[in-house]
Amino acid sequence: MNQENENENEEEIVNANEKIIGRGTWLDKVAEDLVEREKKLGRSLSLIRVESGLGASGIPHVGSIGDAVRAYGVRQALKDVGYNSELIAYSDDMDGLRKVPVGLPEWLNDYIAHPVSKIPDPFGCHSSYGAHMSSILTDGLDKLSVEYKFQSGAEAYRKGLLANQVVKILENSRLIGEKISEMLGQTKFEDVLPYYPVCGSCGRIYVAEAYRYEREEKKVLYRCRGAEIAHKKIEGCGHEGEADVTKDQGKLSWKSEFAARWAALDIRFEAYGKDIADSVKVNDWIAEAVLNYPPPFHVKYEMFLDKSGKKISKSLGNVFTPQAWLTYGTPQSLLLLMYKRIAGTRNLSVEDIPTYMDEYDALEDVYFGKVKEENPAKLRKTKGLYEYINHLNPPKAPSIHASYRLIAQIASVAPKEGRTDYVIERLKSYRAIKEADEAFREKVRLAANWADEFSKTTEKTKVELTPVERIAVAQIVDFIRKTPKAEAETIQNVIFEAAKTNSIPPTDLFRAMYRILIGTNRGPRLGTYIVDIGTERAADSLSEQLDQ
RNA sequence: GGGCCUGUGGCUCAGCCAGGUCAGAGCGGCUGGCUCUUAACCAGCACGCCGUGGGUUCAAAUCCCACCAGGCCCGCCA
């Protein structure tokens, strides 16, 4: 098989099927549409910025990181076709704390409505609550080798990065208020400015209502009259004051802030979840009509839901952090989840990690030609997906593969000591692998973590034994104790003998043994396993059961 | 009130976004192999009018329309 021919073939295929864009993934499609649009708009293409918001008010979950990962994917696709591009990760740390996430200390309730960048870090390791939350996301991005430029929202206001846009928006607040009413039926901003000052007295945001804009002084006048936040009435402190809108004395409402960001930072692409679709619609209009900046190209995506169909929510407590995923799966498996497709809702849980782990291996098989894919379009797409997962720098050789569930299953019954080696030895004896390298050992560790947490073996219950089964088990224990050095095969036969002498179907006795030793109805070859975990320990577990 | 997603063998789902060996996978079930009887592995079998009805096309699970059934988001919180 020679490289040149292969390339020629690919050329032909592409010519024959013009519809395949770039590497055939949705990222390529987005990048192409985006560039086409920019060309029509006649903007400079010397640097195409893409943006992702980083929530800072709750515990970030896989969905939050997905936004950034996908934006990065688009950046990669842009670079792939020769455009300079960067990802801005913008932390919404000027936002107020609306609700204390489940599991965090009670005292945070005293900080409701305070900007999260001003709240102490309950974990004590970062400069603020907001910094801590954002760091969970950026840490996740780092682990995924996603490159980005971090921008703190609070800092953006402090430095006046958005000042020009804030001023323009406030100067046109009447028009904006009317438009919001027209577009969404929300009349609030006909009466109130789309700006939330931080109350100079109580330090809270959202509770102070900005009722007038002083054009010359670039100030809003406000009174702290309270607000309803997350369906809870929050009392104001009654303070009246003014805020300099060119400083960090407040922030724009979401219905106008994106527009300011896009214009100020020259953002050309931003994806968004359907939950903020309305805000994006308004912001697009503001960007265009008020700020004279054509809004970025968008892609809308569905939420990640949990298995019960609930939105994975920062405050609901069903959070599924990127770190949690990475406890059980490789970075590649998480990137696969994000890059595979963007359309459609996905009900997600850690139970899905094995599937994504194995699917990555399957992609790799196709990429390296171990598995043939006849359909050229599919081949290209599959390879493209694999390449994006590897940040367009795929490995030179395939990794060692073995079914994740198989690894997990073996790990779940492996002795605690030398567990990784045990699993690898078993896999070799099954001829599932020939050898193991460090990357594979890591995979074993991940699968072992998964097994510990989710494998059914964890549901160890009391085992009900029939009288004859008790006798049989007692005989087995007796044998093991007398001959602790017995061979695996011998023990295996003793179990069959015990079944026969007591007229128990072997299947039943084995099931009982498995339930006692591993907690499952099935398991590895028992003789071998008993030797592996140590005859003494096996005998102890068995007799312990008999004593009950 | 507005918007979106999903509906594929017993179960869980992939495929749909750029129509054509796509009717698939895993689990479960069944049969057989691995020197008998447990795991794993291997070979094979069964099970589907791809929600319903129209339309576009040489060709539709895939595109369009309508409808039915689930679910999600937004509705003056952000």
Side-chain angles (χ1 to χ4, degrees), chain A residues 17-22 24-26 28-30 32 55 57-58 92 94-99 113 177 180-181 183-192 196 205-206 227-234 251-255 257 273-281 299-305 307-312 340-347 351-352 354-355 358-359 362 374-375 377-378 380-381 402-403 405-407 409-410 412-413 426-427 429-432 492-493 495-496 499-500 504-514 518 520-529:
Chain A
N17 192 345
E18 290 174 58
K19 280 178 181 168
I20 296 176
I21 296 161
T25 70
W26 65 268
D28 302 287
K29 183 88 164 40
V30 168
E32 160 143 319
S57 50
D92 291 303
M94 264 302 267
D95 283 14
L97 179 65
R98 300 171 59 239
K99 208 173 170 186
I180 291 176
S181 171
M183 288 176 96
L184 311 177
Q186 180 185 33
T187 57
K188 172 178 171 171
F189 292 108
E190 288 181 325
D191 309 317
V192 182
Y196 294 107
I205 197 166
Y206 308 142
E228 192 181 307
I229 298 175
H231 306 292
K232 266 191 183 165
K233 186 82 191 141
I234 306 288
K251 72 183 287 287
L252 290 168
S253 75
W254 277 24
K255 293 254 162 42
E257 187 179 60
K274 73 174 178 182
D275 51 338
I276 59 163
D278 283 347
S279 282
V280 171
K281 207 196 294 180
V299 177
K300 181 169 70 171
Y301 55 85
E302 289 283 319
M303 309 280 89
F304 283 94
L305 306 177
K307 284 294 173 194
S308 62
K310 294 250 168 23
K311 178 182 170 184
I312 293 179
K340 190 176 174 187
R341 64 185 164 95
I342 187 158
T345 309
R346 262 176 293 177
N347 293 60
E351 308 276 332
D352 299 318
T355 311
D358 289 345
E359 187 173 346
E374 302 294 338
N375 184 324
K378 260 190 188 165
R380 181 144 185 131
K381 185 177 172 177
S403 154
R405 283 178 208 280
L406 172 58
I407 301 174
Q409 174 155 20
I410 296 170
S412 72
V413 298
R426 275 286 99 74
L427 287 169
S429 75
Y430 293 162
R431 289 194 207 88
Q492 183 79 4
N493 287 332
I495 299 170
F496 281 116
K500 273 184 201 161
I504 309 169
T507 315
D508 291 353
L509 183 58
F510 271 99
R511 185 183 301 131
M513 296 283 289
Y514 283 120
I518 319 172
T520 56
N521 289 336
R522 298 167 170 178
R525 197 172 175 84
L526 262 183
T528 326
Y529 182 71

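Chain letters run A, B, ... following the sequence lines, proteins first, then strands; residues in each count from 1.
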Partners meeting side-chain contact (heavy atoms from CB on, under 4.5 Å) with [X] (sequence neighbours left out):
| X | result |
| --- | --- |
| A:Ala277 | A:Tyr272, A:Lys300 |
| A:Lys232 | none |
| A:Lys29 | A:Ile21, A:Asp33 |

If you look at every strand shown and take non-hydrogen atoms under 4.0 Å, does [X] touch a base, only sugar-phosphate, or nothing?
| X | result |
| --- | --- |
| A:Lys232 | nothing |
| A:Lys340 | sugar-phosphate |
| A:Glu359 | nothing |
| A:Tyr206 | sugar-phosphate |
| A:Gly96 | nothing |
| A:Gly24 | base |

Legend entry - ring pair (Phe, Tyr, Trp, His ring centres under 6.0 Å) against A:Phe189, all qualifying residues, sequence neighbours excluded: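 If we apply the ring pair (Phe, Tyr, Trp, His ring centres under 6.0 Å) test to A:Phe189, skipping adjacent residues, there are no hits.
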Inset, instruction - May I ask you to check whether A:Trp254 and A:Asp95 show a side-chain donor-acceptor distance below 3.5 Å? - result: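 Yes, a side-chain donor-acceptor pair sits under 3.5 Å.
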Legend entry - Consecutive-pair stems (3 or more, Watson-Crick or G-U, under 3.5 Å) for RNA chain B: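 For RNA chain B the paired stretches long enough to count as stems (3 pairs minimum) are B:1-7 with B:68-74, B:10-13 with B:24-27, B:29-33 with B:41-45, B:51-55 with B:63-67.
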Legend entry - Pairing residues for A:Lys274 by the side chain to side chain donor-acceptor pair (under 3.5 Å) criterion, not counting sequence neighbours: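 Side chain to side chain donor-acceptor pair (under 3.5 Å) check on A:Lys274 returns A:Glu302.
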Legend entry - Any A:Lys381 side-chain N or O less than 4.0 Å from OP1/OP2 of B:C16: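 So the side-chain polar atoms of A:Lys381 do come within 4.0 Å of the phosphate oxygens OP1 or OP2 of B:C16, strictly under.
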Inset, instruction - Ignoring backbone atoms, test whether A:Arg341 places a side-chain nitrogen or oxygen under 4.0 Å from the OP1 or OP2 oxygen of B:G15. - result: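 Checking A:Arg341 against B:G15: at least one side-chain N or O falls below 4.0 Å of OP1 or OP2.
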Inset, instruction - Decide yes or no, distance alone: a donor-acceptor N/O pair under 3.5 angstrom between the base of B:C4 and the side-chain of A:Lys274. - result: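 Under the 3.5 Å cut-off, the side chain and the base do form a donor-acceptor pair.
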Inset, instruction - Would you mind telling me which of B:C74, B:C36, B:G3 lies closest to the side-chain atoms of A:Asp275? - result: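 Output: B:C74.
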